[in-house]
Amino acid sequence: MNTKENSTPVLVVEVVEDEMSLRGALKEKLQKEGFEVVEASDGEEGLKLAIEKQPDCILLDILMPKMDGMTMLNRLRSIKEGKNIPVFVLTNVNSTVMDNRDFEYLIKSDWKIEDIVEKIKAKLLKLNEAPQA
Amino acid sequence: MKIRTKIYLSFLTDFILVAALIGLVVGLFSTNLIEKNISSHLQSSNESRARHIRTFIEDQQKTSVILAAASVYRDFLKEPKNSSKYPVIKEKIDNRLARTLEADPQIYESFILNSKGIIVASSDPTKEGLDRSQDAYFTEAKNKVFFKDVYFSDVVNKVTYSISSPIIDDGGMFLGVSVLRYLPNTLFSIVQEDVGLGKTEESFLINKDKFFITPSKTLGDSVILKQKVETKNSENCFNKEEMRYVEKNSYSGLVAALGSQVTEAKDYRGVEVMATHSYIPETGWCLITKADRQDLLYFRYPLSYFNASILLFCLVIFILMGMYISRRISDPISKLIIGAKQIEQGDLEYRVGLDSDDEIGTLSRSFDKMVESMKKAQSEIQIKVEDQTNIISQKAHELEDQKSAILNILEDVEGEKNRTEKLAEDLEKFKLAVDNSSDHIIITDPEGIIVYANKAMEKITGYNLEESIGKKAGVLWKFPMPTEYYKILWRTIKEEKVPFISQLKNKRKGGEEYDAEIKISPILDDKGNVVFFVGVERDITHEKQVDRAKTEFVSLASHQLRTPLSAINWYTEMLLDGDAGKLNKEQKKYTTEIYLASQRMVELVNSFLNVSRMELGTLIIEPEDVEIDKIAESVLGELQPQVSEKKLILTEAIAKDLPKLKADPKLVRMILQNLLSNSVKYTPTQGNIDLEIGIIKKGRLIGGVKAGEDSVYFKVVDTGYGIPVAQRDKIFTKLFRADNVRQLVIEGTGLGLYIVKSIVEEAKGKVWFVSPFVEKITPAKKPAKRSGLPGTAFYVLLPVKGMASKQGTKKLA
């Protein structure tokens, strides 16, 4: 977990999304909610960034150029650094392989951006609270 | 003559013969027996009487001897008359003589004679001094006891006899004689004693001169010593030899030696008698006992009467028995005769029905059986005759028909020729059609050996006809499929004998893979045996490609359409949240409109996607234990904002004992969501909505429909706008929206009920509605505001056994 100069730890969210408008919306909203946001526009970039930044959670699109979301997720889970990062698959594609212990699955068009943020918060809070408890 | 009479007469004849024989034998035998019996009776009576007389006389002789031996007699006779002792002794003697009379009343005189025959002492003193020296009782009694036979005493004027004994002193000197004179009364009574041989039985004594010495029963006392008895008996009795024999032996000895002494002869009266006799040597008498023959044989008659009455009685019994038996025998026979007559007259229903277990019973049963057989035979014959008649008339018809048929045939032959030619043409066409079909068609025998293949086969598989026909289809085209697949294939067509339909990847001769749809059908004969298989294979590579393209399009479309919508949604949300600064009233209003429009767009896209998936068959069904009540609660929760906004009264009645349904929760949810959101959407403010979920048993009615099996039902009732009558049959069709609501409510894709129906049918369930439906809305909290709208009730049935799993590629949105 990254820590900044102030005592409160800032949570880092990596957004992997090729659609700029959506990425922008998510970035703005998350930043407003006090998260640090790192961005990637395809799977390749996203994987590199995840290993490098070790984000507290990843929002991952599926259909992307260069490397799709599922491939990136599989690569990530196959290396030590990426095994435990919580992943929210944020997509507009329905698929049979969804809903997995490895990630949570959200349909972008069905979810309010606010609710997505709430979901991330809840998840991370739970994770952070666990060791403190 | 009737049998009865015959039997009866034979009985009678038999009886008379037997009775006569018995009567004869018994009669002869009994007469003989009776005569014997009477003889012996007569004889024994005579004998015993004779014995009695003899002992009686002997006793009297003994008395005489004892008396004469008394010393006082001797002393008296020795004492001279003049002696002084004489009077004393005389007195003693007188006393003694008197006592003698007292001792025996039969003795009427007792006296003593001196050696000179002078009565010296007597019980009758008047007789003393009389000279009886010439009398036999003195002369004969000088040296032995003497019995003087019966005689008539002039002196006493009586019939009498006497016994005298000599008085002899010890020196042997004759002193005198003691005489006892007897009355014959006792003797008479001994002789006359009745022995029960009838009233003519009579015994009497005769002396050696054959004179009666006892009275005659018929002639009385007067005969005594006056009438002589000259009969066979009297003669025999005094036969010298017999007398000697009796003297030496006894009379019974004589009887034993000579047999019965009973004779049948005339008696002194000249009457026929049976008589016997005994000689009594002591006195020289003869005792004759006799009875009238007539009288004796009289005994036989009662016996004969008795016999006769028994015979008569037996005769009556025999007659009755004869009548009874002859009737018993002849009655069943009469019945048989009646039966025979009845049957002779043609009444085959008649039964004699005798049930006895004798020969006649057997005969009767056999007779009845015979009649039964006759009846059966008769009816069989009748049936046969009818059958034959039918056959004959049928044959006649057939002949008639054949005649006309032959004529017809002659006419038809020409037409038939034309038709055959036509058929041949048709078959040719048919073959051409099959040959040139775009689908690859083969026919194999039950073992899978190809017997026919069309041109499309060559084109699709790359094998030509020459290399295919006669080969095993399975060997020629080895589908690159797992073994299990072949097992199912063969089981389906060979054992279950139903068509096997499948899509698979196949390989052409050149090795190129292609998608194929195959359909193999067994062709069965009448008995259900496989005659051959018809295989139709179609190259569906192109179709598959289209299908994949469609799926990809849906996938792409969902992504492509949703992505911009997501962007619009999120940014408007952020605007509305004031993330870009507070919006004024108008800005907020416009932004809200954009947001709602975008939301509807999302909904529309989602619905489209679902429809596409269902139509493409890519919808997945993943059954699991579904708690319907929880899904319902969740759906209702989601709808709560709209319900509150429209002030709708929502009532729920969810059964507590709902089973865990094997179903896909997302699909169940989809059903409830669509139905309830429709109700919410199409019910005006303050209306009512009822949700009812429960179990319904097979065969029960619900909403006018009978449940085909045990099911879970959903019932959603509202007081909304209802469904126009004219459009009821279209309500479940895709993209259809009823006219009445299209004007009232803007939102609506026309896909909701289509999706519901698709899902329910996928689950082998049912969905239908009833509209108008106003009568059964149940306001739970507030009374419904009577809107006057028709209202609708939707019903869904989902089988309790649940949904079948289905593999696909896409879930619902």
(message) Applying a heavy-atom distance below 4.5 Å, give me the residues of residues 625-636 of chain B that approach chain A, sorted by number.
(response) none
(message) More than 12 heavy atoms of other residues, nucleotides or ligands under 6.0 Å from NZ of B:Lys646: yes or no?
(response) yes
(message) Nearest 0.5 angstrom please: B:Thr563 OG1 to A:Leu63 CG, how far?
(response) 8.0 Å
(request) Would you name the heavy atoms of B:Asp579 and A:Lys32 that are closest together and state the gap between them? (result) O-NZ, 2.6 Å
(message) Only heavy atoms, only distances under 4.5 angstrom. Which residues in residues 566-576 of chain B are near chain A?
(response) B:Ser566, B:Ala567, B:Asn569, B:Trp570, B:Tyr571, B:Glu573, B:Met574
(request) Name the option with the most non-hydrogen atom pairs under 4.5 Å to chain B; the candidates are A:Glu19, A:Glu114, A:Lys112. (result) A:Lys112
(request) Apply salt bridge (charged side-chain N to carboxylate O under 4.0 Å, His left out) to A:Glu52 and list each qualifying residue two or more places apart in sequence or on a separate chain. (result) none
(request) Tell me the residues of residues 581-596 of chain B whose non-hydrogen atoms fall below 4.5 Å from those of chain A, in number order. (result) B:Tyr595
(message) I'd like to know whether CE of B:Met601 has more than 12 heavy-atom contacts from other residues, nucleotides or ligands below 6.0 angstrom.
(response) no
